[in-house]
Every structure is written in C-alpha cells, then in structure tokens.
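Working notes, structure below.
All of these numbers come straight from a predicted model, not from anything done at the bench.
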Number of protein chains: 2
Amino acid sequence: MKYSKATNYALHTIVYLALLPPGKTIGVKPLAEAQKVSPTYLSKVLTKLVKSGFIESGTGVNGGYQLIKDAKDITFLDIIHAIEGTTSLFNCGLDHTIHDRQNCFIEKVMNEAEQKMEDYLRSQTIEHILQKVDKNIVNRIRSVVN
Amino acid sequence: MKYSKATNYALHTIVYLALLPPGKTIGVKPLAEAQKVSPTYLSKVLTKLVKSGFIESGTGVNGGYQLIKDAKDITFLDIIHAIEGTTSLFNCGLDHTIHDRQNCFIEKVMNEAEQKMEDYLRSQTIEHILQKVDKNIVNRIRSVVN
DNA sequence: CTAATTAAAGACTTCGTGAATCTATAATAT
DNA sequence: ATATTATAGATTCACGAAGTCTTTAATTAG
Ligand code: SF4
Ligand code: SF4
C-alpha cells in the first residue's frame with residue numbers, strides 16, 4: 001500500500017514547471033536529471049499529465065513541456081488521480097449475491113476514510129504550496145530549470 | 001494503490017469473532033469458508049492479529065480463535081496497521097543531501113492527507129459498526145459462525 | 001528540402017510483492 | 001495414543017510497478 005514513484009515524479013515535475021517563466025518550455029532531459037530518473041520513463045509519466053490537460057507538450061526544437069493550467073487550479077488530488085487512477089482503495093472482491101451491499105458497514109467506513117484524505121488533497125493546490133516554499137529552495141529549483 | 005486482500009479478510013474475521021458468544025472459539029475452516037479463501041492463507045492473516053493482541057488462538061480440539069479485546073477498543077486503523085504495517089503512503093526516495101527535508105512542502109501535504117484518513121479510521125471501532133449493522137445480516141453471520 | 005531535435009508509442013525486460021499452496025511441526029484435548 | 005488445530009517454512013504463481021530500448025511522428029532551424 002504505497003503511492004507509486006510515478007506520482008512522486010509527477011508532483012515534482014509540476015512544481016518545476018510552475019516555477020518556469022510563463023510561456024517558456026523545458027525538455028524532459030533536465031527534468032529527469034533533477035529527479036534522477038530516466039528521461040524515457042519520466043516521459044511516460046508526463047504524457048499522462050498531458051492527456052489529463054495539466055501540461056502541454058511540443059515536439060521539435062524548442063519543444064518540451066509547460067503548464068497550461070493555473071497553479072491555483074491544480075490540486076494534489078488532480079495529479080494523483082491522473083497517475084494512480086480513481087478507483088477506491090478498498091473493495092471487497094466478494095460475491096455480492098450473499099447479502100445486500102447497500103448497507104455494507106465495512107465498505108462504508110473504508111470509503112468514508114478515503115474521502116477524508118481526498119478532501120484534503122483536493123484542498124491543497126500547487127499555488128498554495130509555492131507560496132510556502134522556502135526561497136532558497138526556489139532558487140535551487142530555478143537553477144535546475146534555467 | 002490498493003489495500004491488500006489480507007486487510008479485507010482481517011476486517012471481516014474480526015466482525016465474525018465479535019459476534020461469537022463470549023468465551024466461545026471458532027476454527028479457521030468455517031471462517032475461511034465464509035470468505036471463500038483457503039484456510040492456510042487465512043491462518044497466516046489471523047496469526048498477525050494474534051501477534052498484535054486482538055485475538056487469541058488455541059491448538060488442539062476445541063481450539064481456534066476468539067476475540068480478546070473489547071470491540072469498542074478495536075479501531076479500523078488498528079486492524080489495518082496490523083496487516084499493512086505503519087509506513088506512510090508517500091515517501092520521496094530521493095537523496096536528501098540535496099536540500100533540507102524539514103521544510104519539504106510536498107511530503108507535508110501528502111502526510112497530512114494520510115493523517116486525515118487515519119484520524120477517521122481511528123475513530124471507527126468495531127463496536128460502533130456492530131450497532132449499525134442490519135439484523136438479518138447479523139443473523140446470517142451468526143448462522144455461519146454457529 | 002534536409003537535418004537536428006524532441007515527445008509519443010510500443011515492445012520488451014526486470015523485479016518485487018501480494019496471494020496462495022503444500023508440507024511439516026508443535027501444542028492440546030479426549 | 002490419536003485426532004485436532006494453529007504455526008511456520010519453503011515454494012510457486014501471477015501481476016503490476018519500474019525501467020530500457022527502439023521506432024515513429026511532429027516540428028523547427030538552416
Ligand atoms: S460486508 Fe461489505 S465488504 Fe464484506 S462482503 Fe459484504 S459488501 Fe463486501
Ligand atoms: S521536495 Fe520533499 S519530496 Fe521532494 S525531494 Fe525534497 S524532501 Fe523529498
């Protein structure tokens with residue numbers, strides 16, 4: 001029971017992109033280097049973010065990635081869902097001819113718990129985060145990005 | 001990103017045991033049958049619950065399992081932790097010589113979110129659940145158990 | 001037009017872990 | 001002594017995460 005590494009890469013990359021000067025793009029190579037992951041693999045992750053509409057990609061010279069959604073409109077939950085999918089953490093794979101699933105008590109608790117987590121992840125946007133981040137970390141990231 | 005089936009088995013078994021007449025034990029076979037899982041595998045799961053102090057096991061004739069903690073003192077989180085462990089869902093496996101982990105913004109959000117889920121799971125006890133459960137489901141379970 | 005650049009896509013490999021089985025071994029009651 | 005029951009160990013199987021390699025497609029610079 002763990003978040004995948006892909007989610008980690010996605011979150012970090014979004015932060016990197018959010019710190020780019022508006023309009024500027026960045027290729028997968030520096031992003032991969034900064035996170036110590038192979039470019040081809042990171043590219044697969046980023047493609048999911050493209051398909052989900054958070055970032056845009058361009059081919060050829062001066063191609064690369066850039067944010068196309070405002071940082072204040074991107075929540076942690078958005079990114080996680082884009083990578084991990086949206087199926088719930090708990091599901092009794094059991095045969096439901098046995099009894100009525102409607103008033104299932106276990107499932108209800110487990111799903112409600114997951115909702116609590118999702119509510120919080122939905123409340124935290126990337127912008128919200130950028131405001132908190134230490135200035136010297138920002139500079140360090142910017143130095144990677146430029 | 002899913003809870004393991006073992007967690008499912010553990011939760012259901014605890015409910016079964018909670019509906020047993022006090023002092024009475026039940027073997028792994030009927031429990032496994034009710035959940036359509038192999039006895040040997042379920043036994044491995046239950047051993048974890050024994051080691052965690054929720055249930056007790058006895059060998060030989062009239063052996064089997066029984067609850068030794070009051071249902072009101074067993075939370076969902078307890079059971080989940082006993083099976084899944086207690087490591088957090090998110091951890092950047094990254095090299096932390098790069099920057100200060102103390103003011104890490106991503107980790108902070110992810111862990112806080114997990115806390116929200118755990119808070120709820122900690123608030124829900126087995127007893128709390130037994131009160132809500134439909135009477136005919138109780139009877140059905142009792143028929144399995146007896 | 002051509003060559004260089006860059007992302008996307010597909011096939012494939014590797015690795016770890018969940019899930020499960022089988023086979024002992026130990027403990028206990030009758 | 002024998003039947004019963006849980007525990008432990010070794011082992012197998014399947015699946016998905018993680019990553020590599022190669023090809024294709026799109027775009028820009030010259
Ligand atoms: S009680 Fe809930 S989780 Fe269990 S089998 Fe029924 S529907 Fe599924
Ligand atoms: S920003 Fe946080 S999650 Fe990312 S590498 Fe630093 S400590 Fe780890």
Side-chain angles (χ1 to χ4, degrees), chain A residues 1-10 12-13 17 24-33 35-68 80 82-85 87 89-94, chain B residues 1-10 12-13 17 20 23-33 35-68 80 82-85 87 89-94:
Chain A
M1 174 82 157
K2 281 242 157 251
Y3 281 108
S4 72
K5 291 193 176 186
T7 292
N8 190 322
Y9 299 146
H12 282 80
T13 302
L17 294 183
K24 193 179 175 193
T25 66
I26 182 175
V28 75
K29 264 169 284 182
L31 291 170
E33 206 167 301
Q35 301 179 59
K36 303 201 201 312
V37 61
S38 88
T40 41
Y41 182 64
L42 182 59
S43 137
K44 283 189 188 308
V45 176
L46 297 191
T47 299
K48 285 189 181 178
L49 296 179
V50 170
K51 297 235 168 95
S52 304
F54 299 111
I55 67 181
E56 200 178 55
S57 65
T59 60
V61 182
N62 299 330
Y65 300 94
Q66 73 185 97
L67 263 193
I68 57 174
I80 292 169
I83 304 297
E84 306 270 343
T87 61
L89 298 187
F90 181 85
N91 64 330
C92 73
L94 250 70
Chain B
M1 174 84 158
K2 282 240 158 253
Y3 282 107
S4 72
K5 290 193 177 185
T7 292
N8 189 322
Y9 299 146
H12 282 80
T13 302
L17 294 183
L20 272 184
K24 192 179 174 193
T25 67
I26 182 176
V28 75
K29 265 169 281 182
L31 291 170
E33 206 168 302
Q35 302 179 58
K36 304 200 202 310
V37 60
S38 88
T40 40
Y41 184 63
L42 183 60
S43 132
K44 283 188 188 308
V45 176
L46 297 192
T47 299
K48 286 188 180 179
L49 296 179
V50 171
K51 297 234 167 96
S52 304
F54 300 110
I55 67 180
E56 201 178 55
S57 66
T59 61
V61 182
N62 297 332
Y65 300 94
Q66 73 184 97
L67 262 193
I68 56 174
I80 292 170
I83 304 297
E84 307 268 344
T87 61
L89 297 187
F90 181 86
N91 64 330
C92 73
L94 252 70

Checklist line | Interatomic distance where CD1 belongs to A:Ile26 and C1' belongs to C:dT6 [whole Å] | finding: 13 Å

Next item on the list: With the side chain counted from C-beta on, respond yes when A:Asn91 and B:Lys2 share a heavy-atom pair under 4.5 Å apart, and no when they do not.
Entry: yes

Next item on the list: Mind listing the closest non-hydrogen atom pair of B:Ala32 and B:Ser38 along with its distance?
Entry: CB-C, 4.1 Å

Notebook entry, point to check: Between atom OG1 of A:Thr87 and atom CE of B:Met1, what is the distance when rounded to the nearest 0.5 Å?
Noted result: 10.0 Å

Next item on the list: Return the minimal non-hydrogen interatomic distance between A:Val28 and A:Ser43, and the atom names on each side.
Entry: CG2-N, 4.0 Å

Notebook entry, point to check: Just by distance, with hydrogens left out, do A:Glu84 and A:Thr7 show a side-chain donor and acceptor under 3.5 Å apart?
Noted result: yes

Check: Can you find a heavy atom in the side chain of B:Ile83 that is under 4.5 Å from one in the side chain of B:Ser4?
Finding: yes

I'd like a table of atom pairs between the protein and nucleotides 25-30 of chain C - only N or O on both sides, under 3.5 Å - with the distance next to each one.
residue: C:dA27; atom: N3; partner: B:Thr59; partner atom: OG1; Å: 3.4
residue: C:dT28; atom: O4'; partner: B:Thr59; partner atom: OG1; Å: 3.1
residue: C:dT30; atom: OP1; partner: B:Asn62; partner atom: ND2; Å: 3.2

Checklist line | Separation of atom CG in B:Leu46 from atom P in C:dA20, rounded to whole Å | finding: 13 Å

Item checked: Approximate separation, where rounding is to 0.5 Å, of B:Tyr41 OH and B:Lys5 NZ -> 8.5 Å

Next item on the list: Please state how far atom NZ in A:Lys48 lies from atom P in C:dA9, giving the value in whole angstrom units.
Entry: 12 Å

Next item on the list: Please tell me if the side chains of B:Leu42 and B:Thr13 come closer than 4.5 Å, counting only heavy atoms from C-beta onward.
Entry: yes

Notebook entry, point to check: In whole Å, what is the span from the CD1 atom of A:Ile55 to the C1' atom of C:dA8?
Noted result: 12 Å

Item checked: B:Leu42 CG to C:dA19 C1', straight-line distance once rounded to whole Å -> 13 Å

Margin query: Quick check on the helix from C:dC1-D:dG30 to C:dT30-D:dA1: what's the angle between its two end axes, five base pairs per end, to the nearest 10°?
Written below: 10°

Margin query: Output one letter per nucleotide in nucleotides 15-24 of chain D: B when a protein non-hydrogen atom lies under 4.0 Å from the base, S when only the sugar-phosphate is that close, - when neither is.
Written below: ---SBBBB--

Note to self: Can you see if the side chain of A:Lys2 gets near the phosphate of C:dG18 - specifically, an N or O under 4.0 Å from OP1 or OP2?
What the structure shows: no

Check: Within this structure, what is the CG-to-C1' distance between B:Asn8 and C:dA19, rounded to whole angstrom?
Finding: 13 Å

Next item on the list: Using atom CD of B:Glu84 as one end and atom P of C:dT17 as the other, report the distance to the nearest whole Å.
Entry: 14 Å

Notebook entry, point to check: Which part of the nucleic acid does B:Ser43 contact within heavy-atom distance under 4.0 Å: base, sugar-phosphate only, or nothing?
Noted result: base

Margin query: Rounded at 0.5 Å granularity, tell me how far OH in B:Tyr9 sits from CG in B:Leu49.
Written below: 14.0 Å

Item checked: Separation of B:Gln66 CD from B:Ile26 CD1 (nearest 0.5 Å) -> 11.5 Å

Notebook entry, point to check: Are OP1 or OP2 of C:dA7 and a side-chain N or O of A:Thr47 less than 4.0 angstrom apart?
Noted result: no

Checklist line | Whole-Å distance separating the CG atom of A:Leu49 from the C1' atom of C:dA8 | finding: 14 Å

Notebook entry, point to check: CZ/B:Phe54 to CG/B:Leu17 distance, rounded to the nearest 0.5 angstrom?
Noted result: 12.5 Å

